[in-house]
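Reminder, nothing fancy here: chain letters follow the sequence lines and each chain counts from 1.
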Protein chains: 2
Amino acid sequence: MRRVTIHDVADKAGVSLATVDRVLNGRPGVRKVTIERVQAAVRDLNYEPDAFAAGLAKKRNYRLHFLIPNGPNAFMEDLSREARDFASTLMRERVSVHIEPIDAFDAHRVTGTLAVLDKSVCDGVAVVAPSFPEVRAAIDRLQDRGVHVVTLVSDHPASTRRHFVGIDNVAAGRVAGRLLGRFLPKEPAKIAFIAGSLGLRDHADRYAGCTQVLDNEFPHLELLKVREGRDDNGKNHDIALKLLKEHPDLAGLYNIGAGNRGLIAAIEETRRGAGLTFIGHELTPYTRTALQNGTMDALIAQDPGHEVRSAIRVLKALCDGAPIVEGQERIGIDIFLKDNLPDLA
Amino acid sequence: MRRVTIHDVADKAGVSLATVDRVLNGRPGVRKVTIERVQAAVRDLNYEPDAFAAGLAKKRNYRLHFLIPNGPNAFMEDLSREARDFASTLMRERVSVHIEPIDAFDAHRVTGTLAVLDKSVCDGVAVVAPSFPEVRAAIDRLQDRGVHVVTLVSDHPASTRRHFVGIDNVAAGRVAGRLLGRFLPKEPAKIAFIAGSLGLRDHADRYAGCTQVLDNEFPHLELLKVREGRDDNGKNHDIALKLLKEHPDLAGLYNIGAGNRGLIAAIEETRRGAGLTFIGHELTPYTRTALQNGTMDALIAQDPGHEVRSAIRVLKALCDGAPIVEGQERIGIDIFLKDNLPDLA
DNA sequence: CTAAAAATGAGTAACGCACCTCAGATGCTT
DNA sequence: AAGCATCTGAGGTGCGTTACTCATTTTTAG
């Protein structure tokens, strides 16, 4: 059960090592018939290159940059932490991760950060950024310069980015809609929506998915117009208080974006938890507690750890031209009820 | 930004390469003070061994065996397929996976299969098997022989297995309970349960979790006694027909085990889909369709692909004494509604 | 048919580490 | 201070591949 090496392939094909190497690494200077002969030998012998030897000989190393929004956002902090943690276990595999905090709302600065990157500095970039056209253009230019780019959490479908690591936000919104519809009694009731901004692609997608399901399958529910709170806890707190006052009979609440903390506080202050079905996004210490004590009823989440590891795997695969294991890289929508919260790490 | 190598460590510690090697690989013949000096240098320089070079030099290879129940079970077939698929991409990393079909209900044969395994044949084993004491004992003996063992899907907590790859079935049951409780109107109603066998640990766990939530938080619901269908579609079909006849007002149904196909058929034949909230486990072509057309209301699943890849990563880590990334190996409970079904691969 | 161009063979130096040997140095005991 | 055990240094080899160079053979064009 010895490993099959290029020597065996060379023997089988009746050529020299050098020729096998030329074929395997796509170097020029080999006749078509010879190429085919070598490839046939590879197939026959079921040859697989040895990743250890190849990595060693290639002196390969993977310099990855992660551009992640800063600011007091628990989810983004988790992303950064997971990236750092996973990177440390991957040092010995020659993966180095540099985390660059960015201001997600300042498209100009983000563009500038992308503009200075270059093949001489890094091999792959994962970026979390809002979908401004200039950012898309910067991504495209970066790829032209030979740096692989994946979008993280929030996609830029129009760009040439090689992969998107994140959840399907339309589906996430649909899930929220169905849970609201099914959790509430089958009778007329009001539902309120709070978003960071419908200008953000993921928020808009979630809203669209949610209203689609509610309009079609739960037409007895009245949907109030969306309030935008810029993902800010203070703003959301005020919005919620006003909302609860204006609509004493409010039955459902869907927070499309971040800033759950402000909403939770408002609901608990007014002791409206029992009568209100409240669904939000992302697992944080605050939402966890709210789910446990009944203030929140369901949480739709994405696992930042999974996303970071997926992004790194994908970028690595892109760097050495390896195929991407699709099933492995599909990020699922996590639905948390108080019953299936993961243990705290 | 050159890589730090053992040469650098040797220089820094003022010793030779041989000594560094002795320390790093735990070989004898080094004074305690020297060991400490080398370790200090390692820390100072932040030295990390190069996985490529180490793997190459060690001629390491990972021979893994997967023992997976055969029989007409879509989930187990998925497991096997995923194992094969992932293994093929890992050949170049010197991971070879052998899949051994077993008869999960024949503990004696399973024990026999485990008994002949040995360090000379394989380095790690992942086993899906019911929790009979003899199987547990066989696992322990196998580990004593130096072969790492992880349990897959169904755990043997009492054994010395190094890791369990699978979901928390009690939590899964609780989720089923809460979804039933919240999907149904807040008024008295009957709920039926079908299991493969409460003798199977995972089924018993799910049942316990589900009734715990229903009893405590939804006391208005009446829980009928569990029917056991041995995970057989034919048996389940008959059970369902009888159940629907005996209880024309049945409001909820939870299939704890496999054999959803039989239940789906029975419900669709009797046109009882609309009035019945039906929750089951595992995503298969049948349950997918049932969810889409409304026969089923929710699906609680575990991703066989994730589980296989996790098992392989864990076994690999155990083989070379590397730490396990806990967060990465936690298998989440997937909750599928008709809104978040993954695209077909 | 010949000269130029293209294809191939043969060989070699890395890559970083594991593992081995053997000689020499150092410490410790009497 | 000799004798012994214990440490340590120097050096070599092998792992499978990459990425060269240089010489040689084959093919192609004129």
For [X] and [N], give me the distance from atom [atom1] to atom [atom2], rounded to whole Å.
| X | N | atom1 | atom2 | result |
| --- | --- | --- | --- | --- |
| Asn25(B) | dG16(C) | CG | P | 17 Å |
| Asn61(B) | dC15(D) | CG | P | 14 Å |
| Leu24(B) | dC17(C) | CG | C1' | 10 Å |
| Asp50(A) | dC15(D) | CG | P | 12 Å |
| Asp320(B) | dA18(C) | CG | P | 12 Å |
| Lys59(A) | dA14(C) | NZ | P | 9 Å |
| Arg37(B) | dT26(C) | CZ | C1' | 13 Å |
| His7(B) | dG12(D) | NE2 | C1' | 12 Å |

Handout entry: Phe52(B) vs Arg22(B), nearer the 5' end of DNA chain C by closest nucleotide
Key = Phe52(B)
Problem - Nearest-nucleotide 5' precedence on DNA chain C, Arg31(B) against Glu48(B) - result: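 Its nucleotide being nearer the 5' end, the pick is Glu48(B).
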Handout entry: Under-4.0 Å side-chain N/O to phosphate OP1/OP2 contact, Thr19(B) with dG9(D)
Key =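 So the side chain of Thr19(B) is within the cut-off, an N or O lying under 4.0 Å from OP1 or OP2 of dG9(D).
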Practice task
Return no unless some side-chain N or O of Tyr47(A) is found under 4.0 Å from OP1 or OP2 of dT17(D).
Solution key: yes
Report the nucleotide, chosen from [options], that has the shortest atom-to-atom distance to any side-chain atom of [X].
| X | options | result |
| --- | --- | --- |
| Thr5(A) | dG9(D), dT17(D), dG16(C) | dT17(D) |
| Thr34(B) | dC20(D), dA18(C), dT8(D) | dT8(D) |
| Ala53(B) | dT18(D), dG9(D), dG16(C) | dG16(C) |
| Arg27(A) | dG16(D), dT21(C), dA19(D) | dA19(D) |

[X] bridged to [Y] by N-O distance under 4.0 Å:
| X | Y | value |
| --- | --- | --- |
| Arg161(B) | Asp155(B) | yes |
| Arg309(A) | Glu82(A) | yes |
| Arg81(A) | Asp78(A) | yes |
| Asp320(A) | Lys316(A) | no |

Exercise for the section: Would you mind reporting whether Arg94(A) and Lys58(A) have side-chain heavy atoms less than 4.5 Å apart? Expected result: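 No, side chains not in contact.
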Exercise for the section: Quick one: label Ala18(B) by what it contacts on the DNA or RNA (base, sugar-phosphate, nothing), any heavy atom closer than 4.0 Å. Expected result: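 Base: the residue Ala18(B), judged by heavy atoms under 4.0 Å, touches a nucleobase.
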Practice task
Decide yes or no, distance alone: a donor-acceptor N/O pair under 3.5 angstrom between the base of dG16(C) and the side-chain of Arg94(A).
Solution key: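 No.
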